[in-house]
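Chain identifiers are assigned alphabetically (A, B, ...) following the order of the sequence lines, protein sequences preceding nucleic acid strands; residue numbering begins at 1 within each chain. Quantities reported herein were computed from a predicted structural model and do not represent experimental measurements.
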Amino acid sequence: MKLKTLLLGAIAGTALAPAAFAERGSDGHVNIIYWQAPSILNPYLSSGTKDIESASLVVEPLGRYDQDGALVAYLAEEIPTVENGGVSADLKSITWKLKSGLKWSDGSAVTSADVKFTADYCMNPEGGCAQLAKFEGVESVEIIDDLTVTVTFGEAKPNPYGPFMGGQSPIIQMAQFENCTGAKAPECTEANFGPIGTGPFVVTDFRPNDVISMVANENYRDAAKPAFASLTFKGGGDATASGRAVLETGEYDYAWNLQLAPDVLAKMAEGGKGTAVSAFGTLVERIEMNMTDPSPSLEEGVRATAAAPHPALSDINVRKAMSMAIDRDLLVEIGYGQAGRPTCNLVPAPLAYASDNTDCLTQDIAGANALLDEAGWAKGSDGVRAKDGVRLSMVYQTSTNAVRQDFQALIKQWWEEIGVETELRNINASVFFGGDPGSPDTFQRFYADVEMYANNFDGTDPESYLAQHTCDKAPKPESQWQGENINRYCDPAYDELVAELGRTGELSKRGEIAKKLNDMLTKESYVVVPLVDRGRVSAHANSLGGVILNTWDSELWNAADWYRIK
Amino acid sequence: MTDLSNQTPLAPPRSQWRNVWDQLKKHKGALLGGGFLVFITLAVLLGPYVWTLDPQKIDYRARDFRPIYHALFDADAKTAWANPLGTDQLGRDGLANILAGGRTSMAVGWAAMLLTLFIGTMIGVVAGFFKKLDGPLMRLTDLFLSLPILPLLLVAVTLFREPLRGNFGPEGGMFILIVAIIGITSWMPTARIVRGDVLALKEREFVLAARSIGTKPGAMIWRHLLPNVISPIMVSATLGLAAAIITESALSFLGVGFPSDFPTWGKMLADAVQRMEEFPERVMLPGIAISLTVLSVNYLGDGLRDALDPRIRGR
């Protein structure tokens with residue numbers, strides 16, 4: 001009899017499960033593991049990703065970036081733009097309107113005073129705010145009414161979404177932090193360890209550098225969410241261990257940032273408990289072509305500067321042929337697997353700024369050979385092409401890293417097939433990226449013909465990133481070899497277009513200009529040869545639903561939508 | 001009259017080296033070690049002419065092949081007789097790489113060892129023989145002992161890579177640089193041992209006798225001192241060879257050193273660490289090659305020390 005009741009109960013339970021799906025706290029407990037442990041839950045006092053992401057479960061900004069880098073309103077009614085009047089025509093101010101009826105987890109109302117307080121808290125001249133860059137150029141934050149604030153900038157700001165946008169700039173409660181401003185900010189341990197927020201969860205216990213316990217927020221704005229009644233956020237360990245905990249043993253439901261080789265990850269996934277997911281940001285592994293002559297026979301001061309153009313790489317046909325000879329699919333397969341995809345773009349994302357340029361994706365050795373033949377680079381008896389006494393012989397440098405050395409070996413083989421002699425060089429990463437003006441081996445100094453590394457940009461707007469390639473930013477002896485225009489590309493038309501981008505506020509127009517700039521560097525000139533768009537890999541348990549990996553904002557941005565698959 | 005015929009030696013005179021060889025023969029470890037050293041030296045010298053695959057040739061369709069012996073216990077393993085020791089993640093042949101890598105490692109080892117011996121012996125003898133120079137030279141030795149090799153190498157690479165590369169090519173330049181760095185950072189033990197022995201020998205009667213008949217310092221060192229310190233020099237030579245091979249491997253392992261597509265045993269090890277669980281042979285094969293070479297050199301040195309010492313010899 002008892003067994004029968006139990007069985008019936010179980011059957012009833014399964015039948016009822018889908019109905020219970022839309023109820024707050026119906027899915028029990030969820031475990032998250034980050035291999036770096038959070039030490040504070042106030043993002044204004046720490047720039048660590050682990051702190052910002054764990055805090056994003058509790059405190060929320062006015063708007064977030066979604067998985068495509070598009071803006072989504074969170075606490076705000078809608079995202080202000082020039083079109084809907086939220087951003088003034090002169091791009092100097094932005095007006096945010098809060099959703100009505102929002103409540104803090106302690107039950108009090110969220111008002112524009114909290115928003116203004118947040119800005120004052122971070123911009124307090126006595127305190128060191130970790131997210132001050134978000135508030136750069138802010139002149140004042142004014143309260144218009146209970147739900148409206150206007151942020152005014154000192155000068156026109158085409159991208160006004162710094163303050164209150166994204167996981168780094170959430171709204172904190174004025175009542176809680178009122179007495180914690182300026183120099184006193186780090187002293188308010190209780191507030192910093194358990195901020196009152198508007199997010200889906202509320203902190204019950206915080207142990208710095210170890211574990212956070214949370215329960216569902218009773219006052220969350222969506223009555224049906226979050227699906228989980230409680231949450232444990234565990235920090236520490238390493239990527240391998242947290243990968244195993246989700247993929248192999250199933251102890252945890254979500255693991256963050258698994259920087260592991262594709263075959264290692266695949267081996268773990270054989271455990272069958274979880275799934276590795278990847279998402280792509282803006283990190284692009286690329287080859288830069290030196291437009292200046294790095295030959296050691298030149299004297300210092302002339303070597304690798306605009307005064308000495310590169311004898312071979314100044315010819316666009318050589319650069320184009322070298323790009324055509326590369327099989328990007330194979331590079332991805334060997335080096336990154338799921339965490340990479342071939343790309344021809346310097347700005348691979350967000351969608352609004354990514355060019356549709358795909359012409360480099362197919363390897364074409366025969367075409368590259370034909371192109372060089374046509375351009376007058378004839379193969380000599382040793383198989384190396386030459387023209388007017390200039391041999392196509394390249395020094396190809398990068399930092400010391402197993403994947404990069406594999407790439408070097410492969411690319412060297414392809415280049416030799418098109419008659420380009422290649423000498424490989426790898427430099428210790430701390431020297432290569434160290435930026436020491438006295439060292440000849442830095443990537444800025446670029447004493448090589450081609451070099452390979454990866455770079456990305458913060459946030460979703462590529463303006464400053466694309467502006468790196470203007471003529472005046474080339475590293476040179478006078479600037480102590482500092483500068484971001486690594487390949488010394490210089491085109492007045494490009495500089496002009498960058499200036500135009502700085503004057504343009506309309507999003508679609510900005511996208512167009514950014515795409516054009518990207519194309520000028522890649523498929524129109526081949527000074528930057530993008531190889532792989534490198535992504536972020538995280539893992540979630542097979543029973544955890546609703547996970548959408550986001551590289552533009554906190555990975556836990558939509559934790560309110562997570563649920564248990566039954 | 002004495003019968004002169006009785007005075008003839010019963011056996012032909014034996015040379016000193018013959019005695020050394022007889023003693024060495026008794027040391028099984030030294031014999032085995034010497035044999036292996038000859039074998040591996042011949043293999044890396046002549047091997048590439050027999051096994052003519054290019055070690056740098058990438059064939060990514062044939063990547064991740066296992067060594068042929070895997071077929072014994074795993075019939076499904078990817079193996080091919082064309083690559084008896086398997087291929088790496090880019091399809092480069094394992095055997096060709098071991099042979100080519102051994103060439104570099106052995107060449108660096110021998111060259112650095114000779115350089116170490118030369119510097120060490122010279123400084124040791126001079127410091128032991130000329131009293132005035134003893135203090136300064138030994139303080140210099142202390143100074144060099146305190147030099148950390150890795151930061152020194154990083155600085156040297158930064159300063160000298162370009163000129164050396166310009167004059168001797170990327171591989172030749174790096175070879176000279178590495179040999180020089182290992183040479184100037186590892187001569188100190190040899191110098192100290194030689195100095196100690198020279199100090200003791202200097203007080204012996206035959207040196208006094210030689211001096212009393214007017215032997216000049218140069219001749220004294222050359223004729224009387226050096227032959228008597230040959231045994232510790234030989235021993236430190238063998239140890240130096242082993243140390244140089246290991247240092248080169250460590251440098252390659254850390255990624256400072258030869259261009260990344262230029263195989264050495266140390267670099268093969270470094271490249272294989274990431275996939276150690278899946279393809280243990282890629283770590284084991286160069287690792288075993290390094291260990292066996294170093295071990296055989298050490299045994300040979302041990303045997304030579306016994307054989308060269310006339311007091312031990314014959315016991």
**Request:** Assess whether atom OH of B:Tyr69 is packed by more than 12 heavy atoms of other residues, nucleotides or ligands within 6.0 Å.
**Result:** yes
**Asked** What parts of residues 44-57 of chain B touch chain A if we use heavy atoms and a cut-off under 4.5 Å?
**Response** B:Gln56, B:Lys57
**Item:** Minimum heavy-atom distance B:Ile58-A:Gln413, with the two atoms named
**Value:** O-NE2, 2.8 Å
**Request:** Find the distance between CZ (B:Arg63) and CG (A:Leu330) and round it off to the nearest 0.5 Å.
**Result:** 6.0 Å
**Request:** Evaluate whether atom NZ of A:Lys273 has more than 12 neighbouring non-hydrogen atoms of other residues, nucleotides or ligands under 6.0 angstrom away.
**Result:** no
**Residues of residues 292-303 of chain A contacting chain B, heavy-atom criterion under 4.5 Å, by residue number** = A:Pro296, A:Arg303
**Prompt:** For A:Asp441, is it the side chain, the backbone, both, or neither that has a heavy atom closer than 4.5 Å to a heavy atom of chain B?
**Reply:** side chain
**Asked** Where along residues 414-424 of chain A does a heavy atom come under 4.5 Å of chain B, listed by residue number?
**Response** A:Trp414, A:Glu423, A:Leu424
**Request:** Give a yes or no on whether A:Lys267 atom NZ has more than 12 heavy-atom contacts from other residues, nucleotides or ligands under 6.0 Å away.
**Result:** no
**Fill in**
Taking a cut-off of under 4.5 angstrom between non-hydrogen atoms, the residues of residues 177-191 of chain B near chain A are none
**Complete:** From the list B:Leu159, B:Leu90, B:Asp88, the residue making the most non-hydrogen contacts under 4.5 Å with chain A is B:Leu90
**Prompt:** Judged by modelled atom types alone, do A:Gln408 and B:Asp261 share a side-chain donor-acceptor pair under 3.5 Å?
**Reply:** no
**Prompt:** With only heavy atoms counted, which part of A:Gln397 is less than 4.5 Å from chain B, the side chain, the backbone, both or neither?
**Reply:** neither
**Asked** What residue in A:Lys412, A:Arg404, A:Arg425 has the most heavy-atom pairs under 4.5 Å with chain B?
**Response** A:Arg425
